[in-house]
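Note sheet for the following structure.
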Amino acid sequence: MLKLNHLGEFIAVNIYCAQLRVCRRIAVRLVPMLEEFLTHEKRHMHIFSAELVDRGVARCRAFTLLGFAGFLLGLFTALLGKTGVMACTAAVETVVLNHLQHQLEHLRSVHDTRAVNAIEAIMED
């Protein structure tokens, strides 16, 4: 689960990096919001990265490839302007929050307090 979460945060970082590149040129008013989102996602990625390191677990093998896919998603949605950026963000965050909620239920049942704390911190953010 933590490998998948780490990967998801990396994909989100790449989505926002691509959207920022485009929006700095065509939708400047979105830049502060995207920069804030990027800051959050980087923090989340570091939380999961630390968990992987502490547990001696390597990141997902498809890390780089799927990060590139996230960049492409961000690029193409940003080219659609504010509507594309917001639709992408809403869709991704809705799915992620639902996914994390289900993970919390499982992690509580197996008493993995560290993972629960990490996910709760991210959901709070």
Side-chain angles (χ1 to χ4, degrees):
M1 275 188 245
L2 295 173
K3 284 174 87 163
L4 178 62
N5 293 347
H6 179 245
L7 173 63
E9 298 300 340
F10 181 64
I11 292 168
V13 164
N14 281 284
I15 289 170
Y16 290 126
C17 283
Q19 288 177 338
L20 273 165
R21 282 189 179 202
V22 173
C23 289
R24 282 190 177 111
R25 289 188 164 76
I26 68 169
V28 177
R29 66 184 185 280
L30 296 178
V31 169
M33 176 189 69
L34 291 171
E35 287 175 338
E36 181 179 347
F37 290 170
L38 179 60
T39 299
H40 288 201
E41 300 305 335
K42 284 181 176 179
R43 185 169 45 247
H44 301 166
M45 186 177 73
H46 289 298
I47 289 170
F48 286 127
S49 180
E51 280 299 314
L52 292 180
V53 169
D54 286 350
R55 294 165 188 257
V57 177
R59 68 181 191 197
C60 179
R61 282 188 257 165
F63 192 78
T64 303
L65 176 64
L66 293 174
F68 180 66
F71 188 87
L72 291 176
L73 177 62
L75 181 72
F76 290 119
T77 56
L79 290 172
L80 299 172
K82 183 178 181 179
T83 302
V85 168
M86 298 312 293
C88 179
T89 299
V92 169
E93 292 301 324
T94 299
V95 170
V96 167
L97 289 175
N98 188 21
H99 182 69
L100 291 176
Q101 188 60 47
H102 285 106
Q103 284 184 6
L104 280 175
E105 293 169 15
H106 172 72
L107 292 168
R108 286 184 180 122
S109 74
V110 298
H111 308 291
D112 190 338
T113 306
R114 284 183 13 215
V116 167
N117 291 341
I119 291 172
E120 284 178 341
I122 286 166
M123 289 180 74
E124 203 172 292
D125 198 20

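Computed from a predicted structure; not experimentally measured. Positions are given from 1, in the same order as the sequence printed here.
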Under the criterion side chain to side chain contact (heavy atoms under 4.5 Å, CB included), I'd like the reasoning laid out for Leu4 against His99: C-alpha separation, chi angles, the key distance, then a yes or no. CA-CA 11 Å; Leu4 178 62; His99 182 69; 3.6 Å; yes

Can you get from Leu38 to Val22 by hopping between Ile, Leu, Val, Met, Phe, Trp and Tyr side chains that sit under 4.5 Å apart? no

Between His102 (side chain) and Asn98 (backbone), is there a donor-acceptor pair under 3.5 Å? yes

Give a yes or no on whether a salt bridge exists between Lys3 and Glu51, defined as a side-chain N under 4.0 angstrom from a carboxylate O. no

Could you state whether Met123 and Val92 fall into the same hydrophobic cluster, counting links through intermediate Ile, Leu, Val, Met, Phe, Trp or Tyr residues with side-chain heavy atoms under 4.5 angstrom apart? yes

Judged by atom type as modelled, is there a donor-acceptor pair below 3.5 Å linking the side chain of Ser49 to the main-chain atoms of Met45? no

Is any side-chain heavy atom of His6 less than 4.5 Å from a side-chain heavy atom of Phe63? yes

Dump the intermediate steps for side chain to side chain contact (heavy atoms under 4.5 Å, CB included) on Glu120 and Leu100, then the final yes or no. CA-CA 9 Å; Glu120 284 178 341; Leu100 291 176; over 6 Å; no

Is it possible for you to say whether Phe48 and Val116 belong to one hydrophobic cluster, with membership spreading through side-chain heavy-atom contacts below 4.5 Å? yes

Run the side chain to side chain contact (heavy atoms under 4.5 Å, CB included) check on His106 and Val110 step by step: do they pass? CA-CA 7 Å; His106 172 72; Val110 298; 3.8 Å; yes

Kindly indicate whether the side chain of Asn14, heavy atoms from C-beta on, has any atom under 4.5 Å from the side chain of Phe68. no

Spell out, yes or no, whether Leu20 and Met86 are grouped together once hydrophobic residues are joined by side-chain heavy atoms under 4.5 Å, including indirect joins. yes

More than 12 non-hydrogen atoms from neighbouring residues, nucleotides or ligands closer than 6.0 Å to CZ on Arg55, yes or no? yes

Side chain proximity check, Glu41 to Ile15, heavy atoms < 4.5 angstrom: no

Test item: Gln19 and Cys88 side chains (from C-beta on) under 4.5 Å apart, heavy atoms: yes

What one should report as the nearest heavy-atom pair of Ile47 and Ala118 is CG2-CB, 3.7 Å

Same cluster or not: Leu34 versus Val31, using hydrophobic residues (I, L, V, M, F, W, Y) connected whenever any side-chain heavy atoms lie under 4.5 Å apart? yes

For a quick test of reading the model, state the closest non-hydrogen atom pair linking Ala18 to Phe71 and the distance between them. CB-O, 3.1 Å

